[in-house]
There are 2 protein chains.
Amino acid sequence: MTPGSTALGHVRDRVDRALQAFVGQQRGVLLAAGDDLRPVAESIAGLLAGGKRLRPAFCYWGWRGAGGPDCPEIINAAAALELLHAGALIHDDLMDASDTRRGQPSLHRQFEARHAGRGWHGSAEAFGMGVAILLGDLLICWTDEMFHASGLPGAALRRGRPVLDRMRTEVFAGQYLDLLGQAAGDETVAGALRVVEFKTAKYTIERPLHLGAALAGAGEGPAGPDGGPHARAALAGSGPAGGDGSLPGSGTNGGDSSLAGAYTAYGLPLGIAFQLRDDILGVFGDPAQTGKPAGDDVREGKRTVLLAIARRRATARQAQVIDRYLGDPLLDEAGTAEIREAITGTGAVAECERMISRHVSEAIAALEGAPMTGEAREALAELAVAATARDG
Amino acid sequence: MTPGSTALGHVRDRVDRALQAFVGQQRGVLLAAGDDLRPVAESIAGLLAGGKRLRPAFCYWGWRGAGGPDCPEIINAAAALELLHAGALIHDDLMDASDTRRGQPSLHRQFEARHAGRGWHGSAEAFGMGVAILLGDLLICWTDEMFHASGLPGAALRRGRPVLDRMRTEVFAGQYLDLLGQAAGDETVAGALRVVEFKTAKYTIERPLHLGAALAGAGEGPAGPDGGPHARAALAGSGPAGGDGSLPGSGTNGGDSSLAGAYTAYGLPLGIAFQLRDDILGVFGDPAQTGKPAGDDVREGKRTVLLAIARRRATARQAQVIDRYLGDPLLDEAGTAEIREAITGTGAVAECERMISRHVSEAIAALEGAPMTGEAREALAELAVAATARDG
């Protein structure tokens, strides 16, 4: 394990096991409705076997940073975020008409192929779409089930609940703004960054950290070096009642908790850096590492920050190349090479790399002096690097 | 107000107000992400303004039957089911390519029209689909938010949670079986009834009743005439801890609670009768009452129990007429009249009416001698009639 992945790997294996246990249990509920549900249970298990588990990792370290002890209950609660994410990915792939996910056919394509292979009635595409909508819904519902069955005490769950709620409404808003920007032809860097703030930075990093902190009882005051009395009491089930619906500041350092403020100051720039890395991989990534075909973002016409920067910097000739290939479903190897050259030629990749470095530094600097445990500070610094230096 | 609708009307107005208050609050969260979210907030408010509120009514009377007192908290928790239902309807309409819902354009059509009217980039249809997927997801997530913010004590919510969880996995299973049956060409009455059990009977009636009962603390023993100590203690927040994940029997009279068993014995036949009424309205209903175009189920090729019975009873000539129009998106008034005549001619409508009567009687008989309050017994008998004698 590389030094950069220890903080992630530590959580990932345990999250994997927690998800396996939960999904195994749900399999029984599904099969009670009939053996016909078996392919559904198998597809879910396959989808959930993959993933970097970033959101659970940030939730876990958000809890540890607030002084919460290492325990299986927080792993269960954190793992629930992965169900939400898997459901969102199924729906995303459907909306983007993506063929692959995590190196496998995307879920709507799996069931489309099942329909076609059996020569069933009606449209195979409509069948794939229907199953993908339903399965995404199911996984989104299971988020709450796993969260509330995590074993964390009721007082902790009541404190965490409003953060989970806010996180989901925010990611919805980000996804809607993304659709709207694409439709309305907003090609500005500012527009792309607003989508990233809601769809990625808050959803992937800031809110998972806040969720961990809220579960541990942070927010009523700064945690001591070991998390103070709140965190220990929270796990014992006798912490402050909380549940008043108050939330850490949204995108600001405000709010009543300096820890939540530090998580925001760390999470938002890191979220932007994370997405910029994704943008670069979406055009330049190696399919063996990303699990997606080369140039997939180009083929899907994704309105990324990288592309907005490239457009802003492009010569007329470079702009012409970008416009020719962006959103072309038949983009081939030669076209991919050509648009890659054009984008690199604008200097947009170099600018994104500079932005990534600057934002990662800003994120790590926000950890300094923040009222959190030393172990968590170190882990979050590692995670910042792991989330932005990856190649897949 | 007709005698048949008192038990429903009593709950409906208060559920309406609870939903309005909740959605008003969420509007602020959405608009915080940008004024662009305004049309989303408006579409949600419009969709939630309609609806019969059947699931909240059954949840409410499930609670009252277990001796739970009349209070705003149970109205909030019950109203949360309406958010789940609205989200499911948005997704259903998308899967069925339905143009209307509750007398308005369906949600994907609203946003498709918005895209087309503004001459935006890309496919208007894809935009409508994307927004409908996201908005359905959002409403499904809000179910949990409203449920947990209902004001009911934590012990009550912990008891209710597994019922809500089970209900959602079951309705998913029913929807999947429905898609599968259509694809695989299952035209049997037994196949259609299995879908009805999971997709309607459990989801609309049995599980909402069980949810109310679990919230009130039933399941640990029979409630007395006033609900016994469980229900009163539940509201005071000091009821039995529950939350052990045990569920009332699924489709049987088993389980440890005779009240839950009675709710099952009432809910499953009533659910079938409710769906049979829906099946008849889907072919013969008046658009002014149903909010759907005449013959909509025929146009969409829905695989209903009514149609399965009609096919089983049809002469070769009647079967020919049914096959000609079923699933024809261009079905007109003349075609609707012709298929109506063919279906009536098979005797399927009369058979469905007999099944409705028999199932409603069975449901009402199950209330006799069940350990519930007299007021709830009367209300549930009224609801049984209101749910199956309606014309819209």
Side-chain angles (χ1 to χ4, degrees), chain A residues 26 29-30 32-34 36-37 40 87-88 91 94-95 97 115 118 120-122 126-127 129-131 133-138 140-145 148-149 154-155 157-158 161-162 164-166 168-170 172-177 179-180 182-185 194 198 243 245 250 301 327, chain B residues 26 29-30 32-34 36-37 40 87-88 91 94-95 97 115 118 120-122 126-127 129-131 133-138 140-145 148-149 154-155 157-158 161-162 164-166 168-170 172-177 179-180 182-185 194 198 243 245 250 301 327:
Chain A
Q26 295 296 338
V29 181
L30 288 174
D36 288 335
L37 273 297
V40 169
H91 285 175
L94 184 63
M95 290 190 272
H115 187 289
R118 281 161 181 73
W120 280 340
H121 299 260
F127 181 75
M129 174 181 113
V131 177
I133 290 177
L134 293 177
L135 242 156
D137 291 352
L138 183 67
I140 290 172
C141 291
W142 284 359
T143 308
D144 297 276
E145 181 165 354
H148 284 281
L157 295 173
R158 269 199 299 286
R161 188 76 234 167
L164 179 61
D165 293 333
R166 177 66 66 101
R168 297 203 286 197
T169 299
E170 283 170 348
F172 160 80
Q175 288 174 294
Y176 178 78
L177 290 173
L179 280 185
L180 194 69
Q182 276 181 36
R194 184 168 69 137
F198 282 93
S250 176
Chain B
Q26 296 296 337
V29 181
L30 288 174
D36 288 335
L37 273 297
V40 168
H91 285 176
L94 184 62
M95 291 189 272
H115 187 289
R118 280 161 180 74
W120 281 340
H121 299 259
F127 181 75
M129 174 182 113
V131 176
I133 290 177
L134 293 177
L135 241 156
D137 291 352
L138 183 68
I140 290 171
C141 291
W142 284 0
T143 308
D144 298 276
E145 180 165 355
H148 285 280
L157 295 173
R158 269 198 299 286
R161 187 79 234 166
L164 180 61
D165 292 333
R166 176 67 66 102
R168 297 204 286 198
T169 299
E170 282 170 348
F172 160 80
Q175 289 174 294
Y176 178 78
L177 290 173
L179 280 184
L180 195 67
Q182 276 181 37
R194 184 168 69 138
F198 281 93
S250 178

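Chain letters run A, B, ... following the sequence lines, proteins first and then strands; every chain starts at 1.
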Might you point out which heavy atoms bring Phe172(A) and Leu37(B) nearest each other, and give the distance in Å? CE2-CD1, 4.0 Å
Contact origin within Gln182(A) toward chain B - heavy atom pairs under 4.5 Å: backbone
Run the side chain to side chain contact (heavy atoms under 4.5 Å, CB included) test on Arg158(B) and His148(A) for me, step by step, so that the C-alpha distance in whole Å, both residues' side-chain angles and the decisive distance to 0.1 Å come before the verdict. CA-CA 8 Å; Arg158(B) 269 198 299 286; His148(A) 284 281; over 6 Å; no
Among Ala173(A), Cys141(A), Gly130(A), residue most engaged with chain B (heavy-atom pairs, under 4.5 Å): Cys141(A)
Looking at Gln26(A), Glu145(A), His91(A), Met129(A), which one has more heavy-atom pairs under 4.5 Å with chain B than the rest? Glu145(A)
Using a cut-off of under 4.5 Å for heavy-atom pairs, which of Val131(B), Thr143(B), Leu164(B) has the most such pairs with chain A? Val131(B)
Under 4.5 Å heavy-atom distance to chain B, tell me which part of Leu134(A) shows up: side chain, backbone, both or neither. both
Looking at Thr169(B), Leu30(B), Leu135(B), Leu94(B), which makes the most heavy-atom pairs under 4.5 Å with chain A? Thr169(B)
Quick check on the interface: out of Ala33(B), Ala183(B), Gly301(B), who has the most heavy-atom pairs with chain A under 4.5 Å? Ala183(B)
Results of side-chain hydrogen bond (donor to acceptor under 3.5 Å, both in side chains) for His115(A) - residues two or more places apart only: none
Is it the backbone or the side chain of Ala126(B) that comes under 4.5 Å from a heavy atom of chain A, or both, or neither? neither
Listed by chain and number, what are the salt bridge (Lys or Arg N to Asp or Glu O under 4.0 Å) partners of Asp144(B), not counting sequence neighbours? Arg161(B), Arg168(B)
Is chain A contacted by the side chain of Leu180(B), its backbone, both, or neither, given a heavy-atom distance below 4.5 Å? both
Honestly, the part of Leu177(A) sitting under 4.5 Å from a heavy atom of chain B is side chain
Over 60° means perpendicular and under 30° means parallel, so tell me whether Phe127(B) and Tyr176(A) are parallel, tilted or perpendicular. tilted
Which one of Asp137(A), Ile140(A), Val29(A) has the most heavy-atom pairs closer than 4.5 Å to chain B? Asp137(A)
Part of Leu157(A) within contact of chain B (heavy atom distance under 4.5 Å): neither
Quick one: which of Ala184(A), Gly34(A), Gly185(A), Gly327(A) has the most heavy-atom pairs under 4.5 Å with chain B, could you say? Ala184(A)
Measure distances from Arg194(B) to the heavy atoms of chain A and classify the residue's part below 4.5 Å as side chain, backbone, both or neither. side chain
